[in-house]
Amino acid sequence: MTNENTRLHQISSPKLRREYNLPLLNFGYSVKAFLGYGKKWRRETIKTGGGRMSVEVDALLQEAKESIEAAQNYRSELQQRLHGLNQARKQVRGSSGQAREALRRHFAELQAAATRLLTERLASLVAEVDSMEADSVKPLDDCQSLIEHGVGQADELLREGEAALRCGLGEKEDKLGSFTKKAMHIQLDSLPEVPALVDVPSVSAQLDDSLLGLIRDRVSRHGSVSSHPPVQIDELQERPGSILVRWCKVDEDFAAADYRLQYRRSGSGGSQYEDSYIGRDSEFLVLHMDPHTDYLFRVCARGEGRTEWSPWSIPQTGYTTLAPHEWRPGTEGYILSSRRNIALCNDSSQTRCQVLYSNAPTYFCGQTLTFKISAAGQMDRRDSLGVCVDNQRGAESLQKDQAVCISTNGAVFVNGKEMTNQLPAITTGSAVTFDMEVVNLFPISNNNLSEGCNFKLRVTIGSGNREVVFDWLVDQAVDCLFFGCSFLHSGWKVLVF
């Protein structure tokens, strides 16, 4: 009971009362003291009357219930913070273990590679020495063989000469004649030339002792350990069939040259991260995201003048609940991709163009709708890319009432009327964006929701580095819109997201 009383007493401190909006109630008494107070209070009740004290009992019980509830909430908050601490400790220990393993693996690979390279270089140099030695010794061996052959002939001639001198007079003349002829044949005055030492190769090894210093310097600066990555994911915004990822630097001293964004499905066994973006921008729209599916995103950076990437950021989970934008299938004159987000205006025999609408009104105000032109055909002022209230069949262009659009020549049309402001012409690589926000002309109520001319949208159309802003009046309140395109000539290819 002492610990419980102590905790309740702490909860009734002024600081925690202000933080948790607790009533002033001191729970520092023991249960025994509290019961004793109750006996005294009951005696007072007998003296003063039960009606008045009954109200005070109710108030006291209410305060006790509120304080107990506050204590329970406080304990729940503390338990959540303990869970957060455990998660943080798990991250620190887990990332430290991964860092140790990465360091050991990397340096073991370096050591093995360095040993292999040194061994290969040593073998190559030794092979050069062997070849040089063999080439240098061969002439010496040939000369030695010639000299040894001459020595053998001289020994044989000496033996014959000595034998001729020792023989009798009858044989001496013949043997001395034979000896003389042999001596003249051997050419005793001809000696082979022996090369001087300065002319003989002296094999040596030239080793640069500075290499060890260079290796020591590079090794001492190779690798680094950091407690925080220099960049973290800042925001994940859901878009139709996509997720907009924004990141920011958390290390101001880090000069980033490029960023690298990766993602993978969350919880899918064996799923590997795959690159989504590499570049200098600090945001990227990741397309082809399945709705209601969790994805993990992480980002890293590469410093100016560096080749290696920084450590990865803490993975963040993102998802979208918005269905992807799709073109309507079955429209004559257009071929759609498998995901129906790319439309190609192909050759057809039709004599007039036809609007290709979205499959459903999936564009909502507050979002950014983007048309990306990946191939361009012949330009015509009757072409159109834009947004409309309905998907009226048979329309030849979005240059009509209850629609806003841009032509391929850059002209902007609102409810079928051309504006004076014009945007750059649309070509291959162009990106046309539509942004809209609701502006009520009059307060809209349930009574006038369907009344005409009481609803307008502020539209921003951007193309290239220019944009136009205008107000678009619609006949009725709308919360979602169709998008569409139309081209008089084939060859236009449009991605919508």
Using modelled atom types only, decide if a donor and an acceptor are shared between the side chain of R280 and the backbone of A257 within a distance under 3.5 Å.
yes

R239 versus L322: any side-chain heavy-atom pair under 4.5 Å?
no

Could R265 and D294 be called an ion pair, given the rule that one side-chain N must be under 4.0 Å from one carboxylate O?
no

Is it the case that the side chains of Q62 and E66 hold a donor-acceptor pair, with the cut-off being a distance below 3.5 Å and no angle test?
yes

Result for ring pair (Phe, Tyr, Trp, His ring centres under 6.0 Å) between H325 and one of F483, F434, F482 points to F483

Contact between V496 and W327 at the side-chain level, heavy atoms closer than 4.5 Å - yes or no?
yes

Examine R260 relative to W309 and say whether NZ or CZ is less than 6.0 Å from the centre of the six-membered ring and inside a 45° cone about the ring axis.
yes

Are any side-chain N or O atoms of N415 and backbone N or O atoms of Q402, one a donor and one an acceptor, separated by less than 3.5 Å?
yes

When rounded to the nearest 0.5 angstrom, what distance separates CG in L495 from OG in S374?
7.0 Å

NZ or CZ of R298 within 45° of W312 ring axis and under 6.0 Å
yes

Distance only, no hydrogens: is a donor on one side chain within 3.5 Å (strictly under) of an acceptor on the other, for Q354 and S486?
no

May I ask you to check whether over 12 heavy atoms, not counting those of R221, lie within 6.0 Å of atom CZ?
yes

Keeping Q378 on the side-chain end and S490 on the backbone end, is there a donor-acceptor pair under 3.5 Å?
no

P291 backbone acceptor or donor facing T320 side chain under 3.5 Å:
no

CD of E283 to CH2 of W247, rounded to nearest 0.5 Å, is 7.5 Å

Say whether Q237 and E235, considering side chains only, have a donor N or O and an acceptor N or O under 3.5 Å apart.
yes

Is any side-chain N of the basic residue among K456 and D471 closer than 4.0 Å to the acidic one's carboxylate O?
yes

Check for a donor-acceptor pair, side chain of T408 on one end and backbone N or O of I426 on the other, with a separation under 3.5 Å.
no

E109 bridged to R104 by N-O distance under 4.0 Å:
no

Within the side chain of D217, is there an N or O that forms a donor-acceptor pair under 3.5 Å with the backbone of G213?
no

Between K249 and D251, is there a side-chain N and carboxylate O pair less than 4.0 Å apart?
no

For the residue pair F487 and W492, categorise the inter-ring angle as parallel (less than 30°), tilted (30 to 60°) or perpendicular (more than 60°).
parallel

To the nearest 0.5 Å, how far apart are CG in L261 and CD in E274?
10.5 Å

Does this structure show an ion pair linking R81 with E77, if we count only N-O contacts that are shorter than 4.0 Å?
yes

So, does Y357 use its side chain to make a donor-acceptor pair with the main chain of P361 at under 3.5 Å?
no

Is the closest basic N to carboxylate O distance between D258 and R306 below 4.0 Å?
no

Not counting sequence neighbours, which residues clear ring pair (Phe, Tyr, Trp, His ring centres under 6.0 Å) with H222? List them please.
H106, F107

